[in-house]
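Beneath this line is the structure, given in structure tokens, with notes to follow.
Residue numbering restarts at 1 for every chain, and letters A, B, ... go by the order of the sequence lines. Hydrogens, waters and symmetry mates are skipped; everything else that's a heavy atom, side chains included, is used.
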Amino acid sequence: METPTTSTYEQERRTKVQKLRELGLEPFGGQTPGIQPLALIKSVYKPEMGHDGGPPVKAAGRVILKRDMGKLSFLTLRDETGDLQVALDKKRLSDLQWQVRCLIDLGDIIAVEGPLGVTNKGEITIWATSLAMASKALLPPPAKWEGLSDVELRYRQRYVDLFANPQVMATLKLRIRIVEEVRQFMRDRGFIEVETPMMQPIAGGAAARPFVTHHNALNIPLYLRIAPELYLKRLLVGGFAKVFELNRNFRNEGISPRHNPEFTMLEAYEAFGSWQTMAELVESMICHVAEKLFGTLKIEHKNADGTVRRTINLEGDTTKPAGQRWRRVRMADLVEEHTGWHFDKNKLQDAPPAVMSRILDLYAEKLQLTGPRDQSAHYRTFIHHLDRMSPAEQLQEVYEKLIEPTLIDPTFVTHVPSVIIPLAREARDDPFFADVYELAINGQEISPGYSELNDPDIQAQHFQHQVGDEQQKMDDDFINALKHGMPPAGGMGMGIDRLVMTLTGAESIRDVILFPLMKPIE
RNA sequence: GCGCCAUUAGCUCAAUUGGCAGAGCAGCUGACUCUUAAUCAGCGGGUUUCAGGUUCAAGUCCUGAAUGGCGCACCA
């Protein structure tokens, strides 16, 4: 591809590429066996090795700092594992290689070989006896001290972000470790990982707008899945007892600090389980991951200056058995606790005026509104919005908008109105509510868990109702599957990106996704 | 889709009331064999995101656009 850029930086560096070629050297390197990670090399050094008495080592990395002093240079190399100093001493290098030294810029990737040692000031250092350009960088890296801080550039050019900002690399690697631990935990619990269609003729299992594509040979529309749920349940019908899938879902909705159009979801189903077995599973899993990766159940979110912004306590009530320690509370009780609204399945408009006043207090707090209430369009819109809802929707709305964001420590919210959860079973003692939990941590919904609905007729009714709302399409084949008999089951979903945000303290979902979606330029 | 805010050198940021667009790092030239964001001397570097407008004069004020951030809406 043609390079349109003609910045002086690039021109200078292209000249150096040319000079390397004139010296008979390859500016873009080649296969180089025997290179060891910088952190490993650093760990090999022992004080008795002295100034340069360590073993010969072979290293490679990006030059992130350069200090030239006439006939001696110190470079700081960086690789995936960390930083290490390399010394280029004119006496130890051939004339040709010394000329290479003069052509090294910040950002270049170089390979060196030489004994491991230490400088007079005590810095562990490779005293290079050979030096090769592995990849000449044609573009300059960001400022060496500030790194790259322009948010847009960081997301658009993550490759720069990763090498310029070690904290970014650390967070994204932590994400990878979390995913590994979640998988391992599920396997240890006897769940098997399956792969179900990401391209579906009917996008079911959730209420969200799907991405649409087209299959040419069949001449049919296909939808990127918004959830794997209906296929995983088909597997229960087929006889799988404990399955999970950990992969991408796609939802054609707005982008926000908590929403990326493609995101990673864990879904798991256990025959003869329930929302209670799923609650135990998710609580145990998150605690396991936290213990394994951080060695603690107290997760601290820190600011850039190191001060603690927020602490999430995953311990719960330690007088109870492990896996049942997190708070469990009915949605109606939680709403009453915060607003004084005693939910009796009647409309909010019928509650005492003090309730609405309290709800508006919370609304003002959330949006940080200070002005008078009567004239504010904010309040009018919100009230009008609530007025048009059914009591069940009002309960859900008050919880989701005003209370969920305040739930920092893990909380299982149970007895959610069943009308808004078409794929779950109704509670036996009161069919107004569904047999489910919604787990909130860090002010976000992290995981829903259901006692799954396996009655094909009730499921079909729920779909009919939903079709009326244009929320979910009727999936006749799924109903057909249920007619063959699906064992009663517990099912759960868990938003992996949000879990990672909770565990790492990331404020935006983009900080835990390697390549978040950005609008293309032009 | 709506609202608020931002956009200045490769990067990080200044620029008073509307009055000559600047610094640090990076770059170039030179010095330097123990530096740690090396140091020292000198030199370059700009369509102030874009398109219009007001004005003697616009980075600064106005209108529109683009991209981004945050909030709202959407997303059970």
Side-chain angles (χ1 to χ4, degrees), chain A residues 5 7-13 15-16 51-52 64-76 83 85-92 105-107 117-125 127 137-157 160 164 205-210 226-227 249 251-261 263 363 366-369 377-378 381-382 385 392-393 395-397 399-401 404 416-424 434 436 438 445 448 450 466 469 471-472 493 495 507-508 510 516 518-522:
Chain A
T5 318
S7 75
T8 53
Y9 287 91
E10 184 168 345
Q11 284 166 12
E12 295 283 359
R13 285 165 183 252
T15 304
K16 289 173 184 173
H51 182 66
D52 58 0
I64 57 160
L65 292 172
K66 187 159 66 87
R67 297 173 289 278
D68 292 332
M69 267 148 299
K71 300 187 178 62
L72 176 68
S73 291
F74 293 103
L75 309 182
T76 304
D83 297 350
Q85 179 166 275
V86 171
L88 304 181
D89 180 347
K90 192 166 196 298
K91 284 185 194 157
R92 295 173 193 258
D105 284 308
L106 294 182
V118 75
T119 62
N120 294 349
K121 295 280 171 63
E123 183 80 18
I124 297 172
T125 300
W127 296 97
L138 297 181
L139 296 174
K144 58 191 180 186
W145 188 241
E146 292 90 353
L148 185 64
S149 63
D150 183 295
V151 178
E152 184 176 354
L153 277 182
R154 285 187 44 228
Y155 296 147
R156 286 192 191 279
Q157 302 187 24
V160 177
R209 278 159 57 198
I226 55 176
N249 286 350
R251 295 188 184 178
N252 204 342
E253 307 283 358
I255 296 174
S256 86
R258 286 162 297 283
H259 299 85
N260 195 63
F263 62 100
Y363 185 70
K366 183 190 172 188
L367 294 189
Q368 302 190 324
L369 300 174
H378 278 290
T381 310
F382 182 61
H385 183 58
E393 290 167 331
L395 183 72
Q396 162 76 11
E397 181 74 0
Y399 163 70
E400 195 176 291
K401 290 282 157 44
E404 187 182 84
V416 179
S418 50
V419 290
I420 52 180
I421 309 193
L423 295 163
V436 304
E438 281 184 12
E445 185 183 343
Y450 301 169
Q466 288 288 315
D469 289 295
Q471 293 273 301
Q472 289 202 17
E507 291 291 290
S508 170
R510 298 179 196 98
M518 301 292 279
K519 191 166 185 172
I521 299 170
E522 293 289 345

Is the phosphate of B:C34 approached by A:Lys90 (side-chain N or O, under 4.0 Å from OP1 or OP2)? no
Would you please confirm or rule out a distance under 4.0 Å between OP1 or OP2 of B:G27 and any side-chain N or O of A:Arg13? no
A:Leu106 side-chain proximity, nearest of B:A26, B:C70, B:C34: B:A26
Rounded to whole angstrom units, what separation is found between the CZ atom of A:Arg154 and the C1' atom of B:U67? 17 Å
Between B:U67 and A:Lys519, is there an OP1 or OP2 to side-chain N/O distance shorter than 4.0 Å? yes
Scan side-chain atoms only and decide if A:Gln85 and A:Thr125 contain a donor-acceptor pair under the 3.5 Å cut-off. yes
Hunt down the Watson-Crick or G-U wobble partner of B:C50, both distances under 3.5 Å, from any strand shown, or write none. B:G64
Over all strands shown, is A:Lys91 touching base, sugar-phosphate only, or nothing at heavy-atom distances under 4.0 angstrom? base
Return the nucleotide paired to B:G24: Watson-Crick means purine N1 to pyrimidine N3 with N6-O4 or O6-N4, wobble means G-U with N1-O2 and O6-N3, both under 3.5 Å. B:C11
Could you tell me the separation between the NZ atom of A:Lys66 and the OG1 atom of A:Thr76, rounded to the nearest 0.5 Å? 11.5 Å
Rounded to the nearest Å, what distance is computed from the CG atom of residue A:Leu367 to the C1' atom of nucleotide B:C2? 14 Å
Does A:Lys401 have a side-chain nitrogen or oxygen under 4.0 Å from the phosphate oxygens OP1 or OP2 of B:C75? no
Base of B:C34 paired with side chain of A:His51 (donor-acceptor, under 3.5 Å): yes
Counterpart base for B:G30, defined by Watson-Crick or G-U wobble contacts under 3.5 Å: B:C40
Do any side-chain nitrogens or oxygens of A:Ser7 fall under 4.0 Å of OP1 or OP2 in B:G10? no
When both distances are under 3.5 Å in a Watson-Crick or G-U wobble arrangement, the nucleotide paired with B:U17 is none
Measure distances between side-chain N and O atoms of A:Thr76 and base N and O atoms of B:U36, and say whether any donor-acceptor pair falls under 3.5 Å. no
Distance test, side-chain N/O of A:Lys66 to OP1/OP2 of B:A37, below 4.0 Å: no
Separation of A:Arg156 atom CZ from B:A66 atom P, in whole Å? 14 Å
Is there a Watson-Crick or G-U wobble partner for B:G45 with both distances under 3.5 Å, and which nucleotide is it? none
What is the base-pairing partner of B:C70, counting Watson-Crick and G-U wobble geometry with both distances under 3.5 Å? B:G3
Partner lookup for B:A58, please. Criteria are Watson-Crick or G-U wobble with both distances under 3.5 angstrom; report none if nothing qualifies. none
Taking the side chain of A:Val151 as heavy atoms from C-beta outward, which of B:G24, B:G69, B:U36 is closest to it? B:G69
Heavy atoms from C-beta onward define the side chain here; which of B:U67, B:G27, B:C34 lies closest to that of A:Glu12? B:G27
Nucleotide B:C25, atom P - distance to CD1 of A:Ile64 in whole Å: 18 Å
